[in-house]
Amino acid sequence: PSHQQDQSVYEERHLRYISPLGKGNFGSVELCRYDPLGDNTGELIAVKKLQPNKQSNLEDFQKEINTIRSLHCDYIVKYRGVCYSMGRLSMSLVMEYLPHGSLIGYLEKNRQHVNNRRMLLFASQICKGLEYLQSMRYVHRDLAARNILVASDTLVKIADFGLTKIIPFDKEYYRVTHPGESPIFWYAPESITESKFSHKSDVWSFGVVLHELFSYCEHNCNPKRLYMQEIGNDMQGLSISMHLVDILKDNWRLPAPPLCPPRIYSMMTTCWGYSAEERPTFSTLGDQIETSIQD
Ligand SMILES: C[C@H](Nc1nc(-c2c[nH]c3ncc(Cl)cc23)ncc1F)C(=O)NCC(F)(F)F
């Protein structure tokens, strides 16, 4: 019934906890049923709770809620509302629940019946979601297969806007002050060395997501493992991120996944241009992916 869909305040007393879904940047997500009639006919929802008593996180959490509430796109996980508890002292973010879970688990489970065309469909949907984000001046900053949700066998959505920032109107990039525990193996060089984030750094990360897609998220060829194998060979006490930037400067890139079509691998390598202006835009990438799907 449509009235359930545009619910925006969920009363805690009708929330039925079912199971944990996972841990995010600074919150955990649980599967719940919102069951005001108390007869188990209510809708399943994903509820993101803030880790308790970290004040700085409350502001970030509010920003994450405001971000996802402002996004209306078929390729981005839907905001459903908020749930206040402890007399409005703490609040939770309510989102649509996607039953197939994240791309990583889905590809590991369904590898045998996901072919290149289906991968390209997923890639074009992620690209469209990112084009929409860019049109809203948002930089996701945490693009990775683990943060892509599977709605159905033919639809994926971008999720987890915990690190998303708005590019200021007078600049092309956002500079973070507190890098935190960063997913450096998905980061563009300038994000590692200067904490600079832009649409072009999201393009770099999109290239890494393409690599994960066409590797079927095989854990023994995930980006972190492949980079560490390359770096491990010449550890000289420098920090891992400095080693990573060094091999990227030497033009080493993630190798083509097994059976990856050459045209797709070359698309990934264009996303990994060392300097940001070398990298394509999401609209160019979208056109290239559409062309590959036609062939
Ligand atoms: C911390 C949470 N972790 C997980 N979430 C889910 C999930 C299934 N179905 C879901 N439906 C709506 C939501 Cl918001 C999450 C899930 N499955 C496994 C997880 F480890 C998360 O948000 N991860 C980012 C992303 F959503 F992209 F996977």
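Excluded from the calculations below are hydrogen atoms, water molecules and symmetry mates; all remaining heavy atoms, backbone and side chain alike, are included. Indexing begins at 1, ligand by ligand and atom by atom, following the structure's order. Not measured: the values here are computed from a predicted model. Each residue takes its place number in the sequence, starting with 1.
The side-chain heavy atoms of Tyr79 and Met95, taken from C-beta on, include no pair separated by under 4.5 Å.
Alongside Leu44, the hydrophobic cluster contains Ile18, Leu21, Val29, Leu31, Tyr97 (criterion: ILVMFWY side chains under 4.5 Å).
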### Task
Walk me through it: do Tyr227 and Trp252 pass the test side chain to side chain contact (heavy atoms under 4.5 Å, CB included)?
CA-CA 9 Å; Tyr227 276 121; Trp252 188 87; 3.4 Å; yes
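Between Phe197 and Tyr174, the ring center distance fails the sub-6.0 Å criterion.
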Identify the protein atoms, limited to N or O, that lie within less than 3.5 Å of an N or O atom of ligand 1, and list each pair with its distance to 0.1 Å.
residue	atom	partner	partner atom	Å
ligand 1	9 (N)	Leu98	O	2.8
ligand 1	11 (N)	Leu98	N	3.0

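Of the inter-residue distances, the one linking Arg33 atom CZ with Ile45 atom CD1 reads 10.0 Å to the nearest 0.5 angstrom.
Remark: Lys48 engages Asp160 in a salt bridge, criterion side-chain N to carboxylate O under 4.0 Å.
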